[in-house]
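Written out below as structure tokens is the structure these notes cover.
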Amino acid sequence: MAARLTRRFFARPTLTVARELMGCRLVHRVEGRRLSGAIVEAEAYIGEEDRACHGRVGRTPRTEVMFGQPGVAYVYFTYGMHWMFNIVTERDGLAAAILVRALEPIDGIDVMRAHRKLGGLTALCSGPAKLTQALRIDRRHNGVDLCTRDSDLWIEAGEPLKPGQIGRCPRIGVDYAPEPWRSKPWRFFIRGSPFISK
DNA sequence: AGCACGATTAACT
DNA sequence: GTTAATCGTGCTC
């Protein structure tokens with residue numbers, strides 16, 4: 001089994017971490033079962049000046065985790081029904097994180113299908129709220145350390161990718177943010193993957 | 001205390 | 001293409 005990515009990995013510039021996360025695996029151990037997928041799409045949110053980032057409002061009960069140490073899960077609730085999974089990056093005190101937007105399902109596909117109830121394999125984890133539903137990630141995971149040995153939630157290295165396999169474009173669903181933040185090319189994805197969000 | 005809205009999804013026409 | 005679902009958060013009164 002591959003080793004967990006370390007805090008040192010996440011304590012770097014967010015765009016670097018986001019790019020290198022492509023192909024890495026998000027793993028959640030649930031009742032002894034290993035639920036996992038390869039990260040095929042993710043977005044960077046960087047600092048209080050990024051008007052699309054939750055950290056723009058400063059330290060609040062909700063954003064506190066984002067301001068904390070890297071390698072910790074920031075899980076938040078939105079649209080009255082959806083949970084979003086993020087990984088905190090950069091140094092303690094700087095509000096930055098990476099939203100994991102889509103996975104290529106690998107382990108525990110039968111269990112993930114039971115959690116989702118809808119759609120086929122490509123629809124299983126092809127969106128930020130779909131993958132949290134499939135992997136059963138929710139409010140309990142906000143603030144969980146992904147880098148300790150005993151955590152049930154972590155990130156592993158995956159198959160190495162060539163630079164040409166990684167695409168880059170503006171972030172999804174941030175039309176509320178003013179320029180230049182709305183158009184920052186901070187979304188990364190694996191080119192040609194059928195598992196990215198629609 | 002009340003309000004507008006959201007880093008979305010699925011089900012519509 | 002449009003829209004309902006559904007509630008925590010941050011802001012205004």
Side-chain angles (χ1 to χ4, degrees), chain A residues 10 13-15 17-19 21-22 24 26 37 39-68 70 72-90 94-105 112-144 146 153 155 167-190 193-198:
Chain A
F10 297 107
T14 308
L15 295 177
V17 178
R19 190 184 308 110
L21 274 177
M22 292 300 108
C24 291
L26 169 60
I39 297 173
V40 297
E41 179 184 348
E43 289 176 352
Y45 291 84
I46 313 173
E48 294 178 74
E49 59 286 345
D50 175 4
R51 305 309 288 169
C53 178
H54 289 168
R56 67 186 183 276
V57 298
R59 284 184 184 262
T60 66
R62 185 202 207 191
T63 64
E64 190 61 30
V65 172
M66 270 191 111
F67 281 86
V72 169
Y74 167 47
V75 180
Y76 70 88
F77 185 68
T78 192
Y79 291 105
M81 63 192 83
H82 298 308
W83 296 98
M84 305 282 168
F85 173 76
N86 301 250
I87 307 164
V88 177
T89 57
E90 314 246 5
L94 198 149
I98 294 165
L99 170 68
V100 177
R101 288 191 55 92
L103 304 174
E104 174 176 344
M112 294 197 280
R113 276 206 155 108
H115 291 162
R116 287 270 296 136
K117 299 183 176 70
L118 278 175
L121 187 62
T122 55
L124 198 54
C125 299
S126 60
K130 296 179 187 177
L131 71 91
T132 55
Q133 190 181 19
L135 269 68
R136 200 182 276 176
I137 293 170
D138 57 38
R139 75 171 82 226
R140 302 182 306 243
H141 301 96
N142 190 40
V144 163
L146 306 172
L153 189 63
I155 313 289
R168 201 177 158 170
C169 68
R171 295 173 290 186
I172 304 293
V174 295
D175 287 348
Y176 59 85
E179 295 292 1
W181 312 107
R182 187 188 322 189
S183 300
K184 292 281 187 188
W186 290 355
R187 173 177 181 243
F188 296 85
F189 58 96
I190 296 183
S193 171
F195 300 100
I196 61 177
S197 64
K198 305 300 177 284

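Throughout, protein chains are lettered first and strands after them, A, B, ... in sequence-line order, and every chain is numbered starting at 1.
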Tell me what [X] touches on the nucleic acid: a base, only sugar-phosphate, or nothing, going by heavy atoms under 4.0 Å.
X         : answer
Arg62(A)  : sugar-phosphate
Ala129(A) : sugar-phosphate
Met81(A)  : base
Thr60(A)  : sugar-phosphate
Arg116(A) : sugar-phosphate

Can you check whether [X] has a side-chain N or O nearer than 4.0 Å to OP1 or OP2 of [N]?
X         : N       : answer
Tyr176(A) : dG6(B)  : no
Arg101(A) : dT8(B)  : yes
Lys130(A) : dA10(B) : yes

Should [X] and [Y] count as side-chain neighbours, where that means a heavy-atom distance under 4.5 Å?
X         : Y         : result
Lys117(A) : Gln133(A) : no
Ser126(A) : Lys198(A) : yes
Leu153(A) : Phe85(A)  : yes

Under 5.5 Å between ring centres and under 30° between planes: does that hold for Tyr76(A) against the base of dA7(B)?
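Answer is no, no stack.
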Using whole Å, report how far [atom1] of [X] lies from [atom2] of [N].
X         : N      : atom1 : atom2 : result
Gln133(A) : dT6(C) : CD    : P     : 14 Å
Phe77(A)  : dG6(B) : CZ    : P     : 15 Å
Met66(A)  : dT9(C) : CE    : P     : 15 Å
Trp181(A) : dG6(B) : CH2   : C1'   : 20 Å
Tyr79(A)  : dT3(C) : OH    : C1'   : 13 Å
His54(A)  : dC5(B) : NE2   : P     : 16 Å
Asp138(A) : dG8(C) : CG    : C1'   : 15 Å
Met84(A)  : dT9(C) : CE    : C1'   : 15 Å

Side-chain donor/acceptor of Thr132(A) to backbone N/O of Ala129(A), under 3.5 Å:
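Checking the backbone N and O of Ala129(A) against the side chain of Thr132(A), a donor-acceptor pair under 3.5 Å is found.
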Checking base pairs now: Watson-Crick or wobble, both atom distances under 3.5 Å. What partners dA7(B)?
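The base-pairing partner of dA7(B), which may sit in any strand shown, does not exist here.
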For dT6(C), the Watson-Crick or wobble counterpart (both distances under 3.5 Å)
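Base-paired to nothing in any strand shown.
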Rounded to the nearest 0.5 Å, how far apart are CD of Glu41(A) and SG of Cys169(A)?
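Atom-to-atom, Glu41(A):CD and Cys169(A):SG are 7.5 Å apart.
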Would you measure the distance from the C1' atom in dC5(B) across to the matching atom in dT3(C) and give it in whole Å?
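So the two C1' atoms sit 16 Å from each other.
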Among dT9(B), dA10(B), dG6(B), which nucleotide has an atom closest to any side-chain atom of His82(A)?
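Of the candidates, dT9(B) comes closest.
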Pairwise 5' ranking along DNA chain B for Leu118(A) and Val174(A), keeping only the more 5' one
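Per heavy-atom nearest nucleotide, the more 5' residue is Val174(A).
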How are the rings of Phe77(A) and Trp83(A) set relative to one another: parallel (under 30°), tilted (30 to 60°) or perpendicular (over 60°)?
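Aromatic pair Phe77(A)/Trp83(A) classed tilted.
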